[in-house]
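All values below were derived from every heavy atom in this structure, side-chain atoms included, with hydrogens, water molecules and symmetry-related copies excluded.
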2 protein chains.
Amino acid sequence: MTRVQAGLTREGIVEAALHIVDGQGLRRLTMRRLGDALGVEAMAVYHHFPRGKDQLLDAMIEHVAAPPRPPAEGDWEQRLRTWAQAYRVKLLEHAGALPLLFTRPVPEAVAFPSLEGRLAAFTEAGLDEEAILDAAHALAAYVLGHVILEVQAEAPGQPPTPPPDGRHPHLARLRPRETARTWDGRFTAGLDAVLPTR
Amino acid sequence: MTRVQAGLTREGIVEAALHIVDGQGLRRLTMRRLGDALGVEAMAVYHHFPRGKDQLLDAMIEHVAAPPRPPAEGDWEQRLRTWAQAYRVKLLEHAGALPLLFTRPVPEAVAFPSLEGRLAAFTEAGLDEEAILDAAHALAAYVLGHVILEVQAEAPGQPPTPPPDGRHPHLARLRPRETARTWDGRFTAGLDAVLPTR
DNA sequence: ACCTGAACACCGTTCAAGT
DNA sequence: ACCTGAACACCGTTCAAGT
């Protein structure tokens with residue numbers, strides 16, 4: 001009985017791992033479960049990632065957290081808005097893997113093309129030298145932080161209890177019916193503040 | 001030989017757990033290691049946290065991610081700047097526990113007093129109803145995201161290799177000598193953008 | 001080169017038992 | 001009420017072995 005070569009690839013392994021994490025969370029990502037998903041013994045993964053699970057997690061965050069390149073067309077504001085929205089969507093698609101953001105660095109070679117595009121856009125916006133880097137940084141920080149808040153709000157265990165006090169008149173707006181639409185609205189509203197005024 | 005009562009408290013357990021996480025990272029937080037740190041058998045913790053490690057992690061993030069209350073004195077801008085800086089410092093002090101931000105929600109009762117203070121400040125800033133919540137949200141998102149970027153930059157394994165290309169003239173500034181000072185500077189520069197202009 | 005199978009140290013959690 | 005000790009299923013990783 002000739003054995004079929006499994007034909008594992010680093011890419012295929014990372015995809016299978018992300019599929020597990022997206023569906024069941026980081027804690028359920030196990031070398032044995034990953035092996036099962038790939039139709040292979042857990043130890044087969046070590047041949048492609050000799051440093052083991054650590055190296056696998058590095059590859060996963062590199063895949064998930066790589067910021068997209070800003071588009072080439074449009075004025076600087078359109079490009080930055082499109083970029084921010086695209087980055088947000090990409091992060092939310094792999095929300096389960098995002099804790100890795102705090103744990104391992106995104107390699108510079110992966111972050112660089114995106115940064116370059118943002119710098120060019122802010123240059124066109126007329127910011128002076130010092131402010132360009134700060135602005136590119138602040139924009140990325142805003143997107144990342146907004147994703148934290150979104151993921152938290154969507155997390156299980158957040159009970160629909162009203163805030164402990166009704167003192168502030170604006171708090172009624174805090175728990176609207178259509179959550180998705182609201183996060184969208186908040187995101188773009190925040191962008192208005194983070195982007196330079198023309 | 002009379003046995004000494006260990007005198008465990010939920011608070012004491014959370015503190016010991018945070019001490020381990022701050023020093024060695026989340027992955028090294030183990031019920032048995034935690035027991036050792038407390039001079040107790042691992043299983044003693046279950047008496048104070050019946051839902052086990054999950055409940056312990058909930059208590060930890062509740063402690064770490066609770067945003068401070070904005071100060072009562074000063075004009076709205078001073079109060080918001082002070083708040084943002086204080087929150088940033090608090091988060092950085094427990095950087096090892098921050099991955100939990102993506103995993104479990106911060107209870108509303110914990111987040112509320114801080115939110116209320118921010119809303120009051122933005123009201124004084126003259127924002128209209130709709131914008132007040134958006135602004136309070138955007139400010140928190142910026143602080144959280146900035147902390148992600150800071151923690152990532154400080155993370156091990158980030159090699160001092162120069163960016164792959166020198167096309168953009170501003171990139172020389174990306175890797176300055178005094179990292180700490182630079183992150184401070186960037187943080188306040190970003191605040192200028194996130195806060196409303198007077 | 002690519003994958004398996006057995007083995008080891010460690011993990012979270014249970015349960016009955018001690019005081 | 002508070003903690004221990006033994007036990008169970010599961011985990012990451014090693015190593016020698018198979019093809």
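When the side-chain nitrogen and oxygen atoms of B:H48 are compared with OP1 and OP2 of D:dC3, one or more of them lie within a distance under 4.0 Å.
If you measure from atom CZ of B:R28 to atom C1' of C:dC10, you get 11 Å, rounded to the nearest angstrom. At whole-Å resolution of the value, CD1 in A:I20 and P in D:dC11 are 11 Å apart. As a whole-Å value, the separation of B:Y46 OH from C:dC11 P is 12 Å. Note: NZ (B:K53) to P (C:dT13) measures 8 Å, nearest angstrom. Whole-Å rounding puts the B:Q24 CD to C:dC10 P distance at 15 Å.
Side chain of A:Y87 to backbone of A:T82: no donor-acceptor contact under 3.5 angstrom is found. With A:R118 contributing its side chain and A:P70 its backbone, the two residues share no donor-acceptor pair below 3.5 Å. B:E41 places no side-chain N or O within 3.5 Å of a backbone atom of B:G35 that could act as its donor or acceptor partner.
Rounded to the nearest 0.5 angstrom, B:F122 CZ and B:E129 CD are separated by 16.0 Å.
Backbone-only engagement by A:L29 is indicated by non-hydrogen atom pairs under 4.0 Å involving sugar-phosphate atoms exclusively.
A:E15 and A:H19 form no side-chain donor-acceptor contact under 3.5 Å, judged by distance and modelled atom types alone.
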Original post:
Which dot-bracket string describes DNA chain D (Watson-Crick N1-N3 plus N6-O4 or O6-N4, or G-U N1-O2 and O6-N3, all under 3.5 Å; [ ] crossing; | other strand)?
Top reply: ||.|||||...|||||.||
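A heavy-atom distance below 4.0 Å to DNA chain D is reached by these residues of residues 31-45 of chain B, ordered by number: B:V40, B:E41, B:M43, B:A44.
Remark: A:E93 engages no residue in a salt bridge (Lys or Arg N to Asp or Glu O under 4.0 Å) (not counting sequence neighbours).
Between A:H137 and B:W183, the ring planes are tilted. Angles from 30° to 60° get that label.
A salt bridge is absent between A:K53 and A:D58: the closest approach of a Lys/Arg side-chain nitrogen to an acidic carboxylate oxygen does not fall below 4.0 angstrom.
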